[in-house]
Amino acid sequence: AEQNLMTVWGRLKSLEDKATKLASTRSINGELLIADTTITAFAKKYKNTPKEIIDLNPNALRAPSVPKGALMRFYVNG
């Protein structure tokens, strides 16, 4: 059992390292929405995937659309 935990821990650490490296190589910007929008439409506008937008803006999942006035982050040069 201990060996299994060590294997899982090692894999999780590897994923964390990869995520940290990816995040440090991509610039992030933000936009204050002037109208309600969907995550998909916002992602398309900045050439990000919906998953990338959700990862940067987890609170955006609270409703079917993101309301006017919300600050949405996105990767620059998606």
Side-chain angles (χ1 to χ4, degrees):
E2 185 177 334
Q3 182 60 38
N4 289 341
L5 288 174
M6 295 298 289
T7 299
V8 169
W9 176 255
R11 289 181 182 166
L12 287 173
K13 182 65 178 148
S14 176
L15 286 172
E16 178 186 33
D17 293 344
K18 288 177 185 178
T20 300
K21 183 178 178 183
L22 178 60
S24 68
T25 61
R26 296 182 75 186
S27 296
I28 297 172
N29 205 344
E31 177 186 328
L32 193 60
L33 298 180
I34 59 172
D36 292 358
T37 190
T38 64
I39 291 171
T40 303
F42 186 81
K44 187 175 180 180
K45 178 178 179 179
Y46 290 104
K47 297 181 179 149
N48 285 213
T49 66
K51 182 183 181 326
E52 289 171 327
I53 297 301
I54 291 167
D55 288 346
L56 292 173
N57 305 279
N59 290 336
L61 292 174
R62 292 183 180 177
S65 64
V66 184
K68 173 183 173 181
L71 177 62
M72 292 288 288
R73 298 184 316 157
F74 60 92
Y75 289 111
V76 178
N77 300 324

Rounded to the nearest 0.5 Å, what's the gap from [atom1] on [X] to [atom2] on [Y]? Could you check?
X   : Y   : atom1 : atom2 : answer
I39 : M72 : CD1   : CE    : 6.0 Å
N77 : N48 : CG    : CG    : 9.5 Å
T37 : E31 : OG1   : CD    : 8.5 Å
K51 : L56 : NZ    : CG    : 9.5 Å

task: Look at the side chain of N29 and the backbone N and O of V76, then say whether any donor-acceptor pair between them is shorter than 3.5 Å.
output: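 No, because the side chain of N29 does not come within donor-acceptor range (under 3.5 Å) of the backbone of V76.
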message: Looking at T7 and Q3, would you say the former's side chain and the latter's main chain have a donor-acceptor pair under 3.5 Å?
response: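 Here the side-chain-to-backbone pair exists.
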Please table the atom pairs, donor to acceptor, closer than 3.5 Å between any side-chain atom in residues 59-71 and protein atoms at least two apart or in another chain.
from, atom 1, to, atom 2, distance (Å)
N59, OD1, R62, NH2, 3.4

query: Mind checking whether F74 and Y46 have parallel, tilted or perpendicular rings, split at 30° and 60°?
result: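 If you compare the ring of F74 with that of Y46, the planes turn out parallel.
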Heavy-atom closest pair, residues [X] and [Y]:
X   : Y   : value
P50 : A43 : N-CB, 3.8 Å
A41 : T38 : N-OG1, 3.1 Å
F42 : R73 : CE2-O, 3.9 Å

- request: Would you list the pairs meeting salt bridge (Lys or Arg N to Asp or Glu O under 4.0 Å) in which at least one residue belongs to residues 4-14, sequence neighbours left out?
  value: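 Residue pairs passing salt bridge (Lys or Arg N to Asp or Glu O under 4.0 Å), neighbours aside: K13-E16, K13-D17.
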